[in-house]
2 protein chains.
Amino acid sequence: MSGPMIRVLLADDEHLIRGAIATLLGLEPDLEVVAQVSRGDEVATAVREHRPDVVVLDIEMPGMDGLTAAEGLPGQAMIILSSFGRPGYLRRALAAGVRGFIPKDASADELATAIRKVHAGGRYLDPEMAASAMMAGDSPLTDRERSALSLAAEGASVRQIATALHLTEGTVRNYLSSAIAKLGATNRITAIRAAQEKGWL
Amino acid sequence: MSGPMIRVLLADDEHLIRGAIATLLGLEPDLEVVAQVSRGDEVATAVREHRPDVVVLDIEMPGMDGLTAAEGLPGQAMIILSSFGRPGYLRRALAAGVRGFIPKDASADELATAIRKVHAGGRYLDPEMAASAMMAGDSPLTDRERSALSLAAEGASVRQIATALHLTEGTVRNYLSSAIAKLGATNRITAIRAAQEKGWL
DNA sequence: TCGCCACGATGACAAATGTCAAAGGACGCT
DNA sequence: AGCGTCCTTTGACATTTGTCATCGTGGCGA
């Protein structure tokens, strides 16, 4: 097979990792890394400029996280590279039109395979990730509960959360309390940890 | 120069990253990756078996973190690869006898340089890391304060912390309170975030 | 030796957090 | 329309957390 090369854009904030992956992919005869960016908010510009066939996005990046960046690129063939299995991320990614999702502890072969599949219009989901996403299911939190807990995770007090959401303090306490209950936690801190663990935050 | 190759052991939990770095280092004519492990608690065994010249350790690993692993290998030439700049880590690393410390967003050249320097008995510290470690200085927390905050970060209540540390609940509250004050925080959650940010946890 | 200071420890008090029962509204189902 | 269910919102109350004044101890310099 000697068709044109698959043009790949790589977005990851860690230079060493990004360079290493680029080198690995460059060893594949049919893949070509045409551009690299280190910030989520540079992805859109780079896509317009280089018109890659497939975009590989890390989730954790400064400026804008990979999932948000993906949501701004409808129709683009994309693969999310996730540091660790937060099942909630997989749902958001699929909702954003991402067709490939693999954890960083997959092998390089797996990444190359995913790129080829996604470029051909197919899907590639890491089997373990998919399974754990099934197990974890949807977030049990309502919108309000998630917002309140999310602000609490930034260190905001009940009063500050109430102001930000235009609610009474009592209401905020109630949302936090029910979030704690739904997450099987006993206080704000364990609830935050549990929600972040699942990618529900 | 045609001396023997520098034998490197690579410890990192993410397969893709580890493989990519191994490939990159393998391209250097004087470096040879003789073994790879994915868990901190496998490092000691692998070192005994393969006798590498230099060990490259990621900080975040299952089983045992890279710093703890380093503390168990006195005399071994080691380099810590840190995901992100927690200045406190640098201190712990130096105390453990680590002579190389670079962030993951350094370039591959920088890693290779660090390996050669450390192998030759020298030091290699990323300039930016070193500067921010100077800025951040030592942890202002006393041992008790750090233990209490650390347990709180796991989600423990005051009662649980008191039991674990064999203290009165009032005493624990006092330690947490003074930790909060020292960190310029307003509550437990922001204190935990601040301490983790600096690597003081 | 004598202060001085930092750390460990404690309980009383104030403030923030977590729980509960309840009421209104939106939505789908019969 | 009538019913049930779920989300949102609220205030009262219980519990947990944070602050403060205080005391003892051990090191360190004058």
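Chain letters run A, B, ... following the sequence lines, proteins first and then strands; every chain starts at 1.
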query: Taking only N and O in the side chain of T171(B), is any of them less than 4.0 Å away from OP1 or OP2 of dT10(C)?
result: yes
- request: Apply the salt bridge (Lys or Arg N to Asp or Glu O under 4.0 Å) test between R116(A) and each candidate in D109(A), D30(A), D53(A); give the one that qualifies.
  value: D30(A)
- prompt: Within the side chain of D12(B), is there an N or O that forms a donor-acceptor pair under 3.5 Å with the backbone of H15(B)?
  reply: no
field: Under 3.5 Å side-chain donor-acceptor pair for N174(B) and S177(B)
entry: no
- prompt: To the nearest angstrom, how far is L141(A) atom CG from dC6(D) atom P?
  reply: 16 Å
message: Main chain of H50(A), side chain of R7(A): is a donor-acceptor contact present, judged purely on distance under 3.5 Å?
response: yes
Protein-nucleotide distance (D143(B), atom CG; dA6(C), atom P), rounded to Å: 17 Å
message: Run E145(A) and S178(A) through side-chain contact (heavy atoms from CB on, under 4.5 Å) and show every step you take.
response: CA-CA 8 Å; E145(A) 288 160 355; S178(A) 80; 2.5 Å; yes
field: Distance in angstrom units between I192(B) CD1 and dT17(D) C1', rounded
entry: 12 Å
query: Do side-chain atoms of E28(B) reach the backbone of L25(B) as a donor and acceptor pair under 3.5 angstrom?
result: no
query: Is T168(A) near enough to dT9(D) that one of its side-chain N or O atoms lies under 4.0 angstrom from OP1 or OP2?
result: no
task: To the nearest Å, give me how far apart CD (E145(A)) and C1' (dC6(D)) are.
output: 11 Å
field: Contact under 4.0 Å: R144(B) side-chain N or O vs dC7(C) OP1/OP2
entry: no
Each nucleotide N or O in nucleotides 17-20 of chain C that has a protein N or O under 3.5 Å away: list the pair and distance.
unit_1: dT17(C); atom_1: OP1; unit_2: R188(A); atom_2: NH1; d: 3.4
unit_1: dT17(C); atom_1: OP2; unit_2: V158(A); atom_2: N; d: 3.2
unit_1: dT17(C); atom_1: O5'; unit_2: R188(A); atom_2: NH2; d: 3.4
unit_1: dG18(C); atom_1: OP1; unit_2: R188(A); atom_2: N; d: 2.9
unit_1: dG18(C); atom_1: OP2; unit_2: R188(A); atom_2: NE; d: 2.7
unit_1: dG18(C); atom_1: OP2; unit_2: R188(A); atom_2: NH2; d: 2.8
unit_1: dG18(C); atom_1: O6; unit_2: R173(A); atom_2: NE; d: 3.1
unit_1: dT19(C); atom_1: OP2; unit_2: S177(A); atom_2: OG; d: 2.8
unit_1: dC20(C); atom_1: N4; unit_2: N174(A); atom_2: OD1; d: 3.4

Pairwise 5' ranking along DNA chain C for H166(B) and K182(B), keeping only the more 5' one: K182(B)
